[in-house]
Amino acid sequence: MAVCLSFDDILQLGTPQLARLQQVGDSFGDVDSPGACEAFTKQVRLLEGFITQTYGVAVSVSKRADDLAEVAAVWEHMGTYCRDALHTLTRLKDKYSYCGTPALYDLVLDYKLACEKRYRSVMEEMECQNQKIPAGLFPATI
């Protein structure tokens with residue numbers, strides 16, 4: 001049986017991971033509570049693994065895409081996921097500053113910026129493909 005997943009399907013698998021990180025982060029009133037940092041660090045590592053792996057999938061999918069619109073959509077959606085992750089991490093990085101959160105925040109920010117750069121590059125390429133070559137720019141062929 002052949003099963004086909006879209007890139008959006010893969011990204012949706014990470015939505016519960018963000019919610020779980022937030023839930024674990026909110027479940028402890030104080031980072032010094034017994035087990036708080038350990039439980040939160042586990043969630044940080046799981047999210048880091050998901051984002052790193054998903055970014056790799058985005059690279060692979062964009063290389064195999066049939067057209068530039070598909071490539072742009074991949075980078076736009078990956079960037080959106082990174083923004084959502086940053087939003088969650090922003091609320092938790094100060095509370096859990098010794099549990100790996102600042103490093104994950106920096107990593108996700110790097111991925112988000114890379115996604116935006118790739119998206120802009122693809123959009124520029126699409127725009128260039130649609131421009132007409134000005135008459136007289138190249139010598140006429142005989």
From [X] [atom1] over to [Y] [atom2], what is the distance, rounded to the nearest 0.5 angstrom?
X	Y	atom1	atom2	answer
Leu47	Gln22	CG	CD	11.5 Å
His77	Leu11	NE2	CG	8.5 Å
Thr88	Tyr105	OG1	OH	11.5 Å
Leu109	Leu89	CG	CG	10.5 Å
Leu18	His87	CG	NE2	10.5 Å

Sole candidate of Leu104, Thr101, Leu21 that passes side chain to side chain contact (heavy atoms under 4.5 Å, CB included) when paired with Gln43: Leu21
Criterion side chain to side chain contact (heavy atoms under 4.5 Å, CB included) against Tyr119, the qualifying member of Lys117, Glu116, Met123: Met123
Any luck finding a side-chain donor-acceptor pair between [X] and [Y] under 3.5 Å?
X	Y	answer
Arg45	Thr41	no
Arg118	Ser121	no
Ser97	Asp94	no
Gln23	Arg20	yes
Asp8	Gln12	no

Could you check if a side-chain atom of [X] sits within less than 4.5 angstrom of a side-chain atom of [Y], using non-hydrogen atoms only?
X	Y	answer
Phe7	Met78	yes
Arg83	Thr80	yes
Thr52	Tyr111	yes

Show the nearest heavy-atom pair for residues [X] and [Y], with the distance to one decimal.
X	Y	result
Tyr96	Ala36	CE2-O, 4.2 Å
Ala85	Val108	CB-CG1, 4.0 Å
Pro102	Lys93	CG-O, 4.2 Å
Phe28	Ala39	CE1-CB, 3.9 Å
Cys82	Lys112	CB-CB, 3.6 Å
Gly14	Tyr81	O-OH, 2.8 Å

Please determine if Arg120 and Glu124 form a salt bridge, counting it only when a charged side-chain N lies under 4.0 Å from a carboxylate O. no
Under a single-linkage definition using a 4.5 Å side-chain heavy-atom cutoff for Ile, Leu, Val, Met, Phe, Trp and Tyr, are [X] and [Y] assigned to the same hydrophobic cluster?
X	Y	result
Val61	Leu13	yes
Leu46	Ile10	no
Leu113	Val71	yes

is_close_aromatic(Tyr55, Phe50), centroid dist under 6.0 Å: no
Tell me whether Thr54 contacts the main-chain N or O of Ile51 through its side chain, where contact means a donor paired with an acceptor under 3.5 Å. no
Is a donor on one side and an acceptor on the other found under 3.5 Å between the side chain of Lys63 and the backbone of Ala58? no
Intermediate values then yes/no, side-chain contact (heavy atoms from CB on, under 4.5 Å), Val74 and Glu70: CA-CA 6 Å; Val74 166; Glu70 290 178 41; 5.7 Å; no
Below 2.5 Å, is that where the SG pair of Cys99 and Cys37 sits? yes
For [X], look at atom [atom1] and say whether over 12 heavy atoms of other residues, nucleotides or ligands are found less than 6.0 Å away.
X	atom1	answer
Lys95	NZ	yes
Gln53	CD	no
Glu127	CD	no

